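Sequence lines set the chain letters: A, B, ... in the order given, protein chains first and strands last, and positions in each chain run from 1. Hydrogens, waters and symmetry mates are skipped; everything else that's a heavy atom, side chains included, is used. The shown structure was predicted, so the numbers you read here are calculated from the model rather than taken from an experiment.
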Protein chains: 2
Amino acid sequence: MAGPTNAERGRDVRERLLAAARELIGEIGWNAVSTRILAERAGVRSGLVHYHFASLQALLRQAATEAMRPMLEQAAELVAAAPSPGDAVEALLADIDRFTGTDPTSLLFVEAYLAATRDDLLRDQMHELVTDFRAALTAALARTGHPAPEAAATVLMAVVDGVLLHKGLDPQLSAGSLAPLLRRLADPEPNGANE
Amino acid sequence: MAGPTNAERGRDVRERLLAAARELIGEIGWNAVSTRILAERAGVRSGLVHYHFASLQALLRQAATEAMRPMLEQAAELVAAAPSPGDAVEALLADIDRFTGTDPTSLLFVEAYLAATRDDLLRDQMHELVTDFRAALTAALARTGHPAPEAAATVLMAVVDGVLLHKGLDPQLSAGSLAPLLRRLADPEPNGANE
DNA sequence: GCTATAGTTGGTCAATCGTCCAAGGCGATT
DNA sequence: AATCGCCTTGGACGATTGACCAACTATAGC
């Protein structure tokens, strides 16, 4: 019955701290996450925070990017698997309705966007995540010859984040209900001239 | 040479504090605005904050809503004055490009959205502002018989806020460049079936 | 002139903050 | 058993926080 080795316990502490940070960033806000609250949630002594991480900011940065990456990758798979661009839009919007705009996951994203405007390193890392996802979405939209797939992808991503923001104010708001309208953005042929 | 009356000076202090709050919320973040930083920016002693306002939160709440209301009202006039729904969309998006996503005004909005998820009173006030603006945008879109003007208005507002969020990561992003695509959302006739 | 009223000052209070560190614990290697 | 390296503990440090208050000043009304 060999107990956990010393290094294993260390890894566990790191993971607990990151998990606690993922929860707390959304719950109480990026700037309200303190070393002591963090350690308490993780079930760990507060002195460990600065042993395992260079600073509180570094911990929060890592927690945020590690939380967002798999979610964006999963969403990218979702749109890639859709049979048509219109279905990709629909699947993406339906996926958003898993979130209420006030849950820790939704708020983690918004908090991270905000923190990125004041942390150059975080901004670079998030920019990469967002760019990768936009590329995946652009590819999904371009399959049927969309005239401006990248612009459409940009719009859709803005809609997703914007809807999350607005859901926080109005829980009745549903992303899925906007899908019929947003299918227009996925169509290869635009809707004739405007005048 | 009658100097300012006592009540006038008090009103001036209140206005200075609110103006300082409007700047600082975006600059350093909602939770980082302290009574002392606020007072320093306003050129006022910190003891005055709790004389003129019930609490720091109440001051920030008032500053945020008073900053957002005129901007949303101006935007509502913009879309109401547009000759067609498509032009309303275009005007709205062009207006967004006045902001970079990292300026205090853009960030004030995002900070307020976030703060509203943790402050019921602020949420109610912002919900009213957003609802009023959506009504104005819906009316502008409905003028030519749009089949789902409210959904289109909801999408456009989400796009606006979402683009601001993304601009903070990528300054090259331009809302105006998305206008041609988003005009599709303003058209009264949808784009034929999808398959 | 005197008193009420509104505004202002400078400071206190307990609580919390991020960061750092000396000392000790503990599994692995020799 | 001794040593080495990673991990952990508990507390210290100065700084900052929101809130509050007694004393003081200045205007307004009588």
Side-chain angles (χ1 to χ4, degrees), chain A residues 1-21 23-25 27-64 111 114-115 118-122, chain B residues 1-21 23-25 27-64 111 114-115 118-122:
Chain A
M1 52 195 307
T5 142
N6 219 332
E8 280 169 348
R9 283 194 295 144
R11 201 172 9 241
D12 183 58
V13 167
R14 269 188 296 275
E15 188 44 52
R16 281 169 167 276
L17 283 169
L18 290 170
E23 296 174 11
L24 287 168
I25 289 172
E27 285 180 28
I28 63 180
W30 188 284
N31 287 321
V33 179
S34 71
T35 57
R36 290 165 179 86
I37 294 176
L38 197 51
E40 188 186 13
R41 175 68 65 98
V44 149
R45 305 291 176 147
S46 67
L48 286 176
V49 170
H50 283 84
Y51 175 78
H52 288 291
F53 297 91
S55 70
L56 180 60
Q57 273 301 313
L59 195 168
L60 295 177
R61 200 160 42 219
Q62 183 176 342
E111 291 279 356
L114 228 28
R118 298 170 187 125
D119 181 326
D120 289 340
L121 190 49
L122 179 60
Chain B
M1 52 191 304
T5 112
N6 217 333
E8 280 170 347
R9 282 194 296 142
R11 200 169 12 239
D12 183 56
V13 166
R14 269 189 296 275
E15 188 44 51
R16 281 168 167 276
L17 283 170
L18 289 170
E23 297 174 10
L24 287 168
I25 289 172
E27 285 181 27
I28 64 180
W30 187 285
N31 287 320
V33 179
S34 70
T35 57
R36 290 163 179 89
I37 294 176
L38 198 51
E40 189 186 12
R41 175 68 65 99
V44 149
R45 305 292 176 146
S46 67
L48 285 177
V49 171
H50 282 85
Y51 175 78
H52 288 290
F53 297 90
S55 69
L56 180 60
Q57 273 301 313
L59 195 168
L60 295 177
R61 200 162 39 219
Q62 184 176 342
E111 291 278 358
L114 228 27
R118 299 170 188 124
D119 182 326
D120 289 340
L121 191 49
L122 179 61

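Atom-to-atom, OH of B:Tyr51 to P of C:dA6 comes out at 7 Å; the value is rounded to the nearest Å. Atom CD in A:Glu40 sits roughly 14 Å away from atom P in C:dG18 (whole-Å rounding). Note: CZ (A:Phe53) to P (C:dG18) measures 15 Å, nearest angstrom. Atoms CG (A:Leu48) and C1' (C:dG25) sit 13 Å apart, rounded to a whole Å. One interatomic measurement links the two molecules: CG of A:Leu59 to C1' of C:dC20, which rounds to 16 Å at whole-angstrom precision. Spacing between atom CZ of B:Arg11 and atom C1' of C:dG7 amounts to 13 Å, rounded to whole angstrom units. A straight line from CZ of A:Arg16 to P of D:dC7 spans 15 Å, rounded to a whole angstrom. Between A:Asp12 atom CG and D:dC7 atom P the separation is 12 Å, expressed in whole Å.
Taking 4.0 angstrom as the limit, A:His52 places none of its side-chain polar atoms (N or O) nearer than this to OP1 or OP2 of D:dC6. For B:His50 and D:dA19, the shortest distance from a side-chain N or O to OP1 or OP2 is below 4.0 Å. At least one side-chain nitrogen or oxygen of B:Arg45 sits closer than 4.0 Å to the OP1 or OP2 atom of C:dG10.
Listed by chain and residue number, A:Glu15, A:Arg22, A:Phe53, A:Leu59, A:Gln62, A:Ala63, A:Glu66 satisfy the side chain to side chain contact (heavy atoms under 4.5 Å, CB included) test with A:Leu18 (two or more places apart in sequence, or in another chain). With sequence neighbours excluded, the residues that form a salt bridge (charged side-chain N to carboxylate O under 4.0 Å, His left out) with B:Arg41 are B:Glu23, B:Glu27. For A:Asp119, the side chain to side chain contact (heavy atoms under 4.5 Å, CB included) partners at least two apart in sequence or on another chain are A:Gln57, A:Arg61, A:Leu121, A:Leu122.
Counting all heavy atoms, side chain and backbone alike, B:His50 lies closest to B:Leu56 at NE2-N, 4.2 Å. The minimum heavy-atom distance between B:Ile25 and A:Arg118, with the atom names listed, is O-NH2, 3.8 Å.
Applying the salt bridge (Lys or Arg N to Asp or Glu O under 4.0 Å) rule to pairs touching residues 48-58 of chain A yields nothing, sequence neighbours excluded. Applying the salt bridge (Lys or Arg N to Asp or Glu O under 4.0 Å) rule to pairs touching residues 43-57 of chain B yields nothing, sequence neighbours excluded.
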Next on the checklist: Just to be sure I follow the notation: if a pair is Watson-Crick (purine N1 to pyrimidine N3 plus N6-O4 or O6-N4) or a G-U wobble (N1-O2 and O6-N3), each under 3.5 Å, what dot-bracket string does DNA chain D give, with | for pairs to another strand?
Outcome noted: ||||||||||||||||||||||||||||||
So which protein nitrogen or oxygen atoms get under 3.5 Å of nucleotides 11-17 of chain C's nitrogens or oxygens?
| unit_1 | atom_1 | unit_2 | atom_2 | d |
| --- | --- | --- | --- | --- |
| C:dC17 | OP1 | A:Ser34 | OG | 2.9 |

Please tabulate, for side-chain N and O atoms in residues 33-40 of chain A, each donor-acceptor pair with protein atoms closer than 3.5 Å (sequence neighbours left out).
| unit_1 | atom_1 | unit_2 | atom_2 | d |
| --- | --- | --- | --- | --- |
| A:Ser34 | OG | A:Ile37 | N | 3.2 |

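Looking at heavy-atom distances under 4.0 Å, A:Val13 makes contact with sugar-phosphate atoms alone, never a base.
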